[in-house]
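See structure below.
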Amino acid sequence: MNAEIEKRRILGVYAQSCGLMAFDGAPANELAVEAVKKYGASLDFHSARRINAGILDGAIVLCMEKTLAEYVKNVYPDKKVFDLCAYAGMEGGISDPYGMGQETYDACADKIRKCIVNILTKAGRDK
């Protein structure tokens, strides 16, 4: 997402990643690394982090799954938490591909990218 933000020259915005079940410091899953390559992206320097209030301060939190967004809203009711697809104006959700094959990771990366493009296109128009 940061590469797309930079490409569009949107200032004062950056993306971070965290998860509920993340093992702090773990590298990205090999299938995820492969899935983002076709977009010219790299997860070589990705380091997993568990979600916490400090990460969320001042952030717009975009969760892959609607149920995950609802859970995070309950745990952090003062934070701005949304379902990624809904925030992007897209139908459906994005299921966690963990434990699935490359095709599932590829589909997940594709849907995330489409959501990001929709969000950043709208942000560019709303300047």
Side-chain angles (χ1 to χ4, degrees):
M1 185 167 194
N2 285 320
E4 192 69 27
I5 290 168
E6 187 176 308
K7 181 173 102 179
R8 292 166 182 260
R9 298 185 178 137
I10 298 172
L11 303 176
V13 175
Y14 65 94
Q16 297 185 69
S17 172
C18 61
L20 290 177
M21 303 300 289
F23 294 105
D24 285 332
N29 180 293
E30 291 176 17
L31 299 175
V33 170
E34 193 61 36
V36 301
K37 281 183 181 178
K38 74 177 186 181
Y39 302 109
S42 170
L43 294 175
D44 291 345
F45 299 104
H46 176 81
S47 180
R49 297 182 307 161
R50 188 174 291 261
I51 194 171
N52 64 64
I55 293 170
L56 306 182
D57 283 344
I60 295 174
V61 182
L62 302 172
C63 300
M64 287 181 17
E65 298 176 354
K66 184 178 181 177
T67 54
L68 179 59
E70 291 168 358
Y71 175 81
V72 174
K73 282 181 196 179
N74 286 331
V75 175
Y76 302 100
D78 61 324
K79 306 301 180 193
K80 298 175 186 172
V81 181
F82 305 93
D83 167 80
L84 175 62
C85 289
Y87 195 82
M90 295 178 65
E91 294 291 321
I94 303 170
S95 295
D96 189 339
Y98 186 77
M100 305 302 281
Q102 189 64 58
E103 187 175 305
T104 303
Y105 273 83
D106 291 346
C108 180
D110 186 58
K111 186 127 187 202
I112 290 171
R113 185 175 188 292
K114 287 176 182 172
C115 288
I116 290 167
V117 168
N118 281 5
I119 291 165
L120 294 179
T121 299
K122 184 181 184 301
R125 285 193 309 258
D126 292 344
K127 282 186 183 179

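Heads up: numbering here begins at 1 and tracks the sequence. Since this is a predicted model, take the numbers as computed values, not measurements.
The number of heavy-atom neighbours closer than 6.0 Å to NZ of Lys114, taken from other residues, nucleotides and ligands shown, is 12 or below. The local environment of NZ in Lys79 is crowded, with over 12 non-hydrogen atoms from other residues, nucleotides or ligands closer than 6.0 Å. For Glu103, the CD atom counts as loosely surrounded, since its 6.0 Å shell holds 12 or fewer non-hydrogen atoms of other residues, nucleotides or ligands. Counting heavy atoms of neighbouring residues, nucleotides and ligands inside a 6.0 Å radius, atom CD of Glu30 does not exceed 12 of them.
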Are Met64 and Asp83 close enough, and set up right, to give a side-chain contact (heavy atoms from CB on, under 4.5 Å), and what steps lead you there?
CA-CA 6 Å; Met64 287 181 17; Asp83 167 80; over 6 Å; no
List the steps and the verdict of side-chain contact (heavy atoms from CB on, under 4.5 Å) for Leu62 and Cys115.
CA-CA 10 Å; Leu62 302 172; Cys115 288; over 6 Å; no
Verdict with reasoning, Tyr71 to Tyr76, per side-chain contact (heavy atoms from CB on, under 4.5 Å)
CA-CA 9 Å; Tyr71 175 81; Tyr76 302 100; over 6 Å; no
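Of the inter-residue distances, the one linking Glu34 atom CD with Leu43 atom CG reads 10.5 Å to the nearest 0.5 angstrom. Interatomic distance, Met100 CE to Asn29 CG, rounded to the nearest 0.5 Å: 12.5 Å. Between Asp110 atom CG and Tyr39 atom OH the span is 3.5 Å, to the nearest 0.5 Å. Rounded to the nearest 0.5 angstrom, Ile60 CD1 and Leu84 CG are separated by 12.0 Å. To the nearest 0.5 angstrom, Cys63 atom SG is 7.5 Å from Leu20 atom CG. Atoms OG1 and CG, from Thr104 and Asp96 in turn, are 11.0 Å apart once rounded to the nearest 0.5 Å.
Cluster membership check: Leu68 shares its hydrophobic cluster with Leu56, using side-chain heavy-atom separations under 4.5 Å among Ile, Leu, Val, Met, Phe, Trp and Tyr. Under a hydrophobic clustering in which Ile, Leu, Val, Met, Phe, Trp and Tyr are joined whenever their side-chain heavy atoms come within less than 4.5 Å, directly or via other members, Phe82 and Ile116 fall into the same cluster. Under the 4.5 Å side-chain heavy-atom criterion for ILVMFWY residues, no single connected hydrophobic cluster contains both Ile94 and Leu31. Hydrophobic clustering of Ile, Leu, Val, Met, Phe, Trp and Tyr side chains at less than 4.5 Å, counting indirect connections, keeps Phe45 apart from Ile55. Both Tyr87 and Ile112 belong to a single network of hydrophobic side chains, linked directly or stepwise wherever heavy atoms of I, L, V, M, F, W or Y lie under 4.5 Å apart.
Listed here is the closest heavy atom pair of Cys18 and Ile51: SG-CG1, 3.8 Å. When all heavy atoms are compared, the tightest approach of Ser17 to His46 is OG-CE1, 3.8 Å. Across every non-hydrogen atom of Lys111 and Glu91, the tightest pair is NZ-O, 3.0 Å. Summarising the geometry of Tyr105 relative to Ala32, their closest heavy-atom pair is CD2-N, 3.6 Å, with the distance given to 0.1 Å. Contact record, Ala48 with Phe23: CB-O, 3.4 Å, taken as the closest heavy-atom pair. Residues Ala69 and Val81 come closest through the heavy atom pair O-CG1, 3.5 Å.
With hydrogens and angles ignored, the 3.5 Å screen pairs no side-chain donor or acceptor of Glu65 with any backbone N or O of Ser95.
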